[in-house]
S.K.: 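Take this structure, written in C-alpha cells, and hold onto it; I'll ask about it next.
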Amino acid sequence: MARLLLRDFDIRKAYLDGHAQAQLVDMLRPILKSAPLFRPTTASGKEMSVRMTSAGSLGWVSDKAGYRYQDLHPKGMSWPAIPDPILDIWRDLASSERDPDCCLINYYGEGTRMGLHQDKDEADFSWPVLSVSLGDDALFRIGNTTRGGKTESIWLNSGDVVIMGGPARLAYHGIDRIRFSSSRLLPKGGRINLTLRVAR
DNA sequence: TAGTAGCT
DNA sequence: GAGC
C-alpha cells in the first residue's frame, strides 16, 4: 500500500486488496436492496448525475429544500446499519474514538460527474471525512478552501482510500469523470464511492 | 441573495 | 478549467 499526500489529502493507494473490495460489494447488495439508490437534485432543482443512498443513523440527502442529513431515506425507510468491515476502515485510518454516523453511498454510472464542492453540512469539522473507491477509475480533482485558483487531479482506483482532515477537511473536491468499465469489480460497471462522516 | 454536489 |  502506497501512501501519498496531495494538498493535505491523505491518499492510501490500494488500501483494500481485491478480496476486501469484493467483500464490501457483497455487503452493499442488501443495503442497496433495502434503501434503493435515488437521484438527488440541487436546491435549484437540477438533477445530479450521481445516484446515492446511505447507511448509518443519518443519511445525506439533497432536494429543493437543500443539502442536509436526515434520519430517513426519501422514500421513508430507515437507513441500514453500516457494516463492520466498513467501520473497520474508519477505525484504522480516521478515528478510534468515534464511529461515523453516516456512510454515503454514491454510484457513478457512465458519464457521471461530481462538480467541485465542499463537505460542510456536518456539525463538527474537526472529524475527518474518509472516502473509499470501488470499481471504475475516477479522476479526482482537488481545489482550495475557497472557490477559484489552481487545482490538481489524481486518478483514484478501486481499493484506494482518501482521508480529508485538517487543512484538507474543507477543501473543494470533485470527480471530473470516470473510466467506465475500467474495472471488473461491479458486474454492470461503474464506480461506488463510500463517504464516511461524523455528521452530528 | 444564492448560485456552484451543475452547466457552459 | 474558468466563471457564473
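To find a chain, count down the sequence lines: A is the first, B the second, and so on, and within it residues start at 1. Predicted model only: the values in this text are computed from it and were never measured.
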S.K.: Among the nucleotides B:dA5, C:dG1, B:dG6, which one has an atom lying closest to any side-chain atom of A:Asp176?
M.R.: C:dG1
S.K.: With sequence neighbours left out, what residues match A:Arg184 under side chain to side chain contact (heavy atoms under 4.5 Å, CB included)?
M.R.: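 With neighbours one apart ignored, the set is empty.
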S.K.: Scan residues 134-150 of chain A against DNA chain B and write down, sorted by residue number, each residue with any heavy atom closer than 4.0 Å; if none is found, say none.
M.R.: A:Arg147
S.K.: Please report the distance, rounded to the nearest Å, between OH in A:Tyr172 and P in B:dG6.
M.R.: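 To the nearest whole Å, that distance equals 13 Å.
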S.K.: Classify the side-chain pair A:Asn144/A:Thr146 by whether it contains a donor and acceptor separated by less than 3.5 Å.
M.R.: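 No, no side-chain donor-acceptor pair sits under 3.5 Å.
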S.K.: Give me the distance, rounded to whole Å, that separates C:dC4 from B:dT1 when you measure between the C1' atoms they each carry.
M.R.: 15 Å
S.K.: Test the A:Arg197-A:Trp90 pair against the cation-pi criterion, namely NZ or CZ under 6.0 angstrom from the six-membered ring centroid and within 45° of the ring axis.
M.R.: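 Negative - A:Arg197 is either too far from the ring of A:Trp90 or too far off its axis.
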S.K.: Please measure how far the C1' atom in B:dA2 lies from the corresponding atom in B:dC7, and state the result in whole Å.
M.R.: 16 Å
S.K.: Can you tell me the distance, in whole Å, between the NE2 atom of A:His117 and the C1' atom of B:dA2?
M.R.: 18 Å
S.K.: Rounding to an integer number of Å, can you tell me how far A:Gln118 CD sits from B:dG3 P?
M.R.: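 Rounded to whole Å, this separation is 14 Å.
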S.K.: Can you tell me the Watson-Crick or wobble partner of B:dT1, both distances under 3.5 angstrom?
M.R.: none
S.K.: Give a yes/no verdict on a cation-pi contact between A:Arg169 and A:Phe125, requiring under 6.0 Å between NZ or CZ and the six-membered ring centre and an angle within 45° of the axis.
M.R.: no
S.K.: Please tell me whether A:Tyr67 and A:Trp60 form a close aromatic pair, meaning their ring centres lie under 6.0 Å apart.
M.R.: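 A:Tyr67 vs A:Trp60: aromatic centres under 6.0 Å.
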S.K.: Give the rounded distance in Å between these two atoms: CG of A:Leu37 and C1' of B:dA5.
M.R.: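 The answer, rounded to whole Å, is 16 Å.
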S.K.: What contact category does A:Leu116 fall into here, base, sugar-phosphate, or nothing, at under 4.0 angstrom with non-hydrogen atoms?
M.R.: sugar-phosphate
S.K.: Under 4.0 angstrom, heavy atoms only, what part of the nucleic acid is A:Asp121 near: base, sugar-phosphate, or nothing?
M.R.: base
S.K.: B:dT4 P sits how many Å from A:Tyr67 OH, rounded?
M.R.: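 Nearest whole value for this atom pair: 6 Å.
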S.K.: What does B:dG6 pair with, Watson-Crick or G-U, if both distances are under 3.5 Å?
M.R.: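 Its partner is C:dC4.
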S.K.: When the distance from CE of A:Met114 to C1' of B:dT4 is rounded to whole Å, what number comes out?
M.R.: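 Atom CE in A:Met114 sits about 13 Å away from atom C1' in B:dT4.
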S.K.: With heavy atoms under 4.0 Å as the rule, sort A:Ser62 into base, sugar-phosphate or nothing.
M.R.: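 Nothing: the residue A:Ser62, judged by heavy atoms under 4.0 Å, touches no strand.
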S.K.: Closer than 4.0 Å, any side-chain N/O of A:Ser44 to the OP1 or OP2 of B:dA2?
M.R.: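 Checking A:Ser44 against B:dA2: no side-chain N or O falls below 4.0 Å of OP1 or OP2.
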S.K.: Where the side chain of A:Arg113 is defined as all heavy atoms beyond and including C-beta, which of B:dG3, B:dA5, B:dC7 is the nearest nucleotide?
M.R.: B:dC7
S.K.: Is a donor from one side chain sitting under 3.5 angstrom from an acceptor on the other, for A:Arg141 and A:Thr151?
M.R.: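 A pair is found: one side chain offers a donor N or O, the other an acceptor, under 3.5 Å apart.
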S.K.: Ignoring hydrogens and angles, state whether a donor on the side chain of A:Ser158 or A:Gln21 is under 3.5 Å from an acceptor on the partner side chain.
M.R.: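 Side-chain D/A pair, A:Ser158 to A:Gln21: present.
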S.K.: Looking only at heavy atoms, what is the nearest atom pair of A:Phe38 and A:Thr53, with distance?
M.R.: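 It is CE2-CA, 3.9 Å.
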S.K.: Between P on B:dG6 and CE on A:Met52, what's the gap in Å once rounded to a whole number?
M.R.: 9 Å
S.K.: If I take atom CD1 in residue A:Ile175 and atom P in nucleotide C:dG1, what distance separates them, rounded to the nearest angstrom?
M.R.: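 Rounded to the whole Å, the gap is 14 Å.
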